[in-house]
Novice: 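Got a structure for you, written out below as structure tokens; questions coming shortly.
Only a predicted model underlies this, so the values are computations on that prediction, with no experimental measurement involved. Just so you know, these numbers use all the heavy atoms, side chains as well, and skip hydrogens, waters and symmetry mates.
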Amino acid sequence: MKRASRPQRSMPARLGRFVAQVAGAAVLLVLLYQAWLFGWVVWYASMPPASTSVMRAELSRLQQKDPGRRLNYQWVDYERISNHLKRAAVAAEDANFLEHGGIDWDAVEKAYAHNRQLAEAAERALARGRQPSSRPMRGGSTITQQVAKNLFLSNSRNYLRKGQEVVITYMIELVMSKRRILELYLNVAEWGEGVFGAEAAARHYFGTSAANLSAYQAARLASMLPRPRFYDRNRGSAYLASRTDRLLRWLPGAAIP
């Protein structure tokens, strides 16, 4: 007696199964990557980073011109950073730092509206043959988001990177205290070409330690944060001076952990 032959799957069925297997493997890889990132977040909750993703990218850029180039970076604990700088950074970058859960959606909405107005004004100016306004764009990123970007991502702007930044931001807020987040931020923020962290910045610009920064010095450093390499080269910028004066007035009202 002949054995009944097993019916062969049609080509569409086989293709569908293959696609499902590939999709399943891709989802598994994404989950494993998120677990790997979460492990590092837990590590950084108590350990200082030897370097960050942004640091490594900047070092690679600098070494293309000077192979022997090294970064100016030195970790200092929270207690060894001037409260003036802590307040200035919060006032400049994230006024609601202690209140939000990682992302300040109101700030994001305001930044979007501001940037859209600037873009529309620039289009009108160009259409009339005029020079567009030099007013800076707003980012809307919180201090926690910037820590996520600096530690693990890059300065590139795309939706995939931004989505990953949101995920890491919530990981950081889940694991770390606000005090630790601010400590990390002030230690890994870029403050000039090859200059990272409060200690290196204080010595680079003022010849002092992060612990001894005055209110004015702290306000000036915080004013540089959106465009540190530019202001490192253009220290006489009128905008930098006016921004520093505004921050000095805001310092007393900035709440820090």
Novice: Using modelled atom types only, decide if a donor and an acceptor are shared between the side chain of Q217 and the backbone of S214 within a distance under 3.5 Å.
Specialist: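 Present.
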
Novice: Do M171 and M47 belong together in a cluster built from hydrophobic side chains that touch within less than 4.5 Å?
Specialist: yes

Novice: Where do A210 and A202 come nearest, in terms of heavy atoms and distance?
Specialist: N-CB, 3.7 Å

Novice: Salt bridge check: are R61 and E193 linked by an N-O gap of less than 4.0 Å?
Specialist: yes

Novice: Is S60 reaching over with its side chain to a backbone N or O of R56, donor-acceptor style, under 3.5 angstrom?
Specialist: no

Novice: If hydrophobic clusters are built by linking Ile, Leu, Val, Met, Phe, Trp and Tyr wherever their side-chain heavy atoms come under 4.5 Å apart, do I81 and M176 end up in the same one?
Specialist: yes

Novice: For E199 and Q74, work out which heavy atoms get closest and say how close.
Specialist: CB-O, 3.7 Å

Novice: Kindly check if the number of other-residue, nucleotide or ligand heavy atoms within 6.0 Å of CG (L160) is above 12?
Specialist: no

Novice: Are any of the side-chain heavy atoms of V188 and F196 separated by less than 4.5 Å?
Specialist: no

Novice: Atom CG in L240, atom OG in S223: separation rounded to 0.5 Å?
Specialist: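 Going from the CG atom of L240 to the OG atom of S223 covers 5.5 Å.
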
Novice: Considering all heavy atoms of both residues, which atom of L59 and which atom of R70 are nearest to each other, and what is their separation?
Specialist: CD1-CA, 4.1 Å

Novice: Does NZ or CZ of K86 come closer than 6.0 Å to the centre of the six-membered ring of Y78, within 45° of the ring's axis?
Specialist: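 Cation-pi check for K86 and Y78: passes.
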
Novice: Indicate the atoms forming the closest heavy-atom contact of H100 with G102, along with that distance.
Specialist: ND1-N, 2.9 Å

Novice: For the pair W36 and Y33, name the ring-plane relationship: parallel under 30°, tilted 30 to 60°, perpendicular over 60°.
Specialist: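 Because their plane-to-plane angle is under 30°, the rings of W36 and Y33 count as parallel.
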
Novice: Donor-acceptor check, side chain of D94 to backbone of V90, threshold 3.5 angstrom: yes or no?
Specialist: no

Novice: Can you see which heavy atom on Y44 is nearest to which on L184, and at what distance?
Specialist: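 Heavy atoms of Y44 and L184 come nearest at O-CD1, 3.9 Å.
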
Novice: To the nearest 0.5 angstrom, please state how far the OG1 atom of T169 sits from the CD atom of Q146.
Specialist: 10.0 Å

Novice: Is there a path of hydrophobic side-chain contacts, each under 4.5 Å between heavy atoms, that joins F38 and L151?
Specialist: yes

Novice: Do K149 and T144 have side-chain N/O donor and acceptor atoms under 3.5 Å apart?
Specialist: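 No, because no side-chain N or O of K149 sits under 3.5 Å from a partner of the opposite role on T144.
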
Novice: Strictly distance-based, threshold 3.5 Å: is any side-chain N or O of N187 a donor or acceptor partner for the main-chain N or O of D77?
Specialist: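 Side chain of N187 to backbone of D77, a donor-acceptor pair under 3.5 Å: no, none is there.
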
Novice: Has R229 got a side-chain atom pairing as donor or acceptor with E190's backbone, closer than 3.5 angstrom?
Specialist: no

Novice: Roughly how far, to the nearest 0.5 Å, is the CZ atom of R203 from the OG1 atom of T208?
Specialist: 7.0 Å

Novice: Between Q145 (side chain only) and T142 (backbone N and O only), is there a donor and an acceptor less than 3.5 Å apart?
Specialist: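 Flag set: sc Q145 to bb T142 pair under 3.5 Å.
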
Novice: Would a hydrophobic clustering, with Ile, Leu, Val, Met, Phe, Trp and Tyr connected at side-chain separations under 4.5 Å, put I181 with W40?
Specialist: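 In one cluster: yes.
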
Novice: Classify the angle between the aromatic ring planes of Y231 and Y239 as parallel (below 30°), tilted (30 to 60°) or perpendicular (above 60°).
Specialist: parallel

Novice: Determine whether H84 and Y216 make a side-chain contact, defined as any pair of heavy atoms from C-beta on separated by less than 4.5 Å.
Specialist: no

Novice: Would you kindly confirm whether L71 and V54 end up in one hydrophobic cluster when ILVMFWY residues are joined by side chain heavy atoms under 4.5 Å apart?
Specialist: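 Yes, one cluster joins them.
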
Novice: Determine yes or no for a side-chain-to-main-chain donor-acceptor pair under 3.5 angstrom, with R161 supplying the side chain and S154 the backbone.
Specialist: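 Judged by distance alone, yes, a pair lies under 3.5 Å.
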
Novice: Which distance, rounded to the nearest 0.5 Å, do you find between the NE2 of H204 and the CG of L221?
Specialist: 10.0 Å

Novice: Determine whether the side chains of N212 and S209 contain a donor N or O and an acceptor N or O closer than 3.5 Å.
Specialist: yes

Novice: Using 0.5 Å steps for rounding, measure from the CZ atom of R249 to the CZ atom of R246.
Specialist: 7.5 Å

Novice: Has the side chain of R243 got a donor or acceptor atom that lies under 3.5 Å from a matching backbone atom of A92?
Specialist: yes

Novice: Rounded to the nearest 0.5 Å, what separates atom CE in M224 from atom OG in S237?
Specialist: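 Rounded to the nearest 0.5 Å, the CE-OG separation comes out at 9.5 Å.
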
Novice: Is the backbone N or O of L153 less than 3.5 Å from a side-chain atom of S53, with the two atoms forming a donor-acceptor pair by type?
Specialist: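 Side chain of S53 to backbone of L153, a donor-acceptor pair under 3.5 Å: yes, one is there.
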
Novice: Return yes if some donor-acceptor pair links the side-chain N/O of Y73 with the main-chain N/O of A50 below 3.5 Å, else return no.
Specialist: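 Looks like no, no N/O pair under 3.5 Å.
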
Novice: Can you give me the closest heavy-atom contact between L182 and P257, atom names plus distance?
Specialist: CD2-CD, 3.8 Å

